[in-house]
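I have placed the structure first, in the form of structure tokens, so that the comments after it can refer back to it.
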Amino acid sequence: MKTLKTTEIGETVKVVKLHGEGAIKRRIMDMGITKGVEIYVRKVAPLGDPIEVTVRGYELSLRKADADMIEVE
């Protein structure tokens with residue numbers, strides 16, 4: 001299982017599934033990250049947290065814990 005957390009910089013991936021429960025999953029979905037959407041990994045902070053991505057035409061920063069809940073292909 002590949003997650004957004006393990007994706008390399010400059011790679012474009014497609015969301016397969018969102019893991020997590022309740023409010024956390026809802027927050028990720030509210031940010032525009034839903035099944036089938038493409039995500040481009042722009043950059044990762046020097047210590048690995050946060051991860052900056054482009055999704056649906058806008059930039060978004062995600063914590064590693066949140067990125068680990070997003071299964072991609």
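Numbers here simply count residues along the sequence, with the first being 1.
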Worksheet item: Can you list the steps and then say if V44 with K5 is a side-chain contact (heavy atoms from CB on, under 4.5 Å)?
Response: CA-CA 10 Å; V44 178; K5 180 180 170 184; over 6 Å; no
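- The side chain to side chain contact (heavy atoms under 4.5 Å, CB included) test with I70 singles out one residue from T7, L18, V16, and that residue is L18.
- To the nearest 0.5 Å, the span separating OG1 on T54 from CD on E38 amounts to 12.0 Å.
- Rounding to the nearest 0.5 angstrom, the gap separating the CD1 atom in I51 from the CG atom in D49 is 7.0 Å.
- Here T3 pairs with D68 under the side-chain hydrogen bond (donor to acceptor under 3.5 Å, both in side chains) rule; sequence neighbours left out.
- Atoms NZ and CG, from K64 and L4 in turn, are 13.0 Å apart once rounded to the nearest 0.5 Å.
- Connection of V55 to V15 is established within a shared hydrophobic cluster, with ILVMFWY side chains joined at heavy-atom distances below 4.5 Å, either directly or through further cluster members.
- Between M69 atom CE and I33 atom CD1 the span is 11.5 Å, to the nearest 0.5 Å.
- With sequence neighbours excluded, the residues forming a salt bridge (charged side-chain N to carboxylate O under 4.0 Å, His left out) with R42 are E52, E59, listed by chain and number.
- When every heavy atom of D66 is checked against every heavy atom of R27, the shortest pair comes out as OD2-NH2, 3.0 Å.
- Annotation: I24, atom CD1; neighbour count of heavy atoms from other residues, nucleotides and ligands within 6.0 Å does not exceed 12.
- With sequence neighbours excluded, no residue forms a salt bridge (charged side-chain N to carboxylate O under 4.0 Å, His left out) with K35.
- Across E8, E11, E73, a single residue satisfies salt bridge (charged side-chain N to carboxylate O under 4.0 Å, His left out) together with K2, and that is E11.
- Between V72 and the options V41, T12, V13, a side chain to side chain contact (heavy atoms under 4.5 Å, CB included) holds for only V13.
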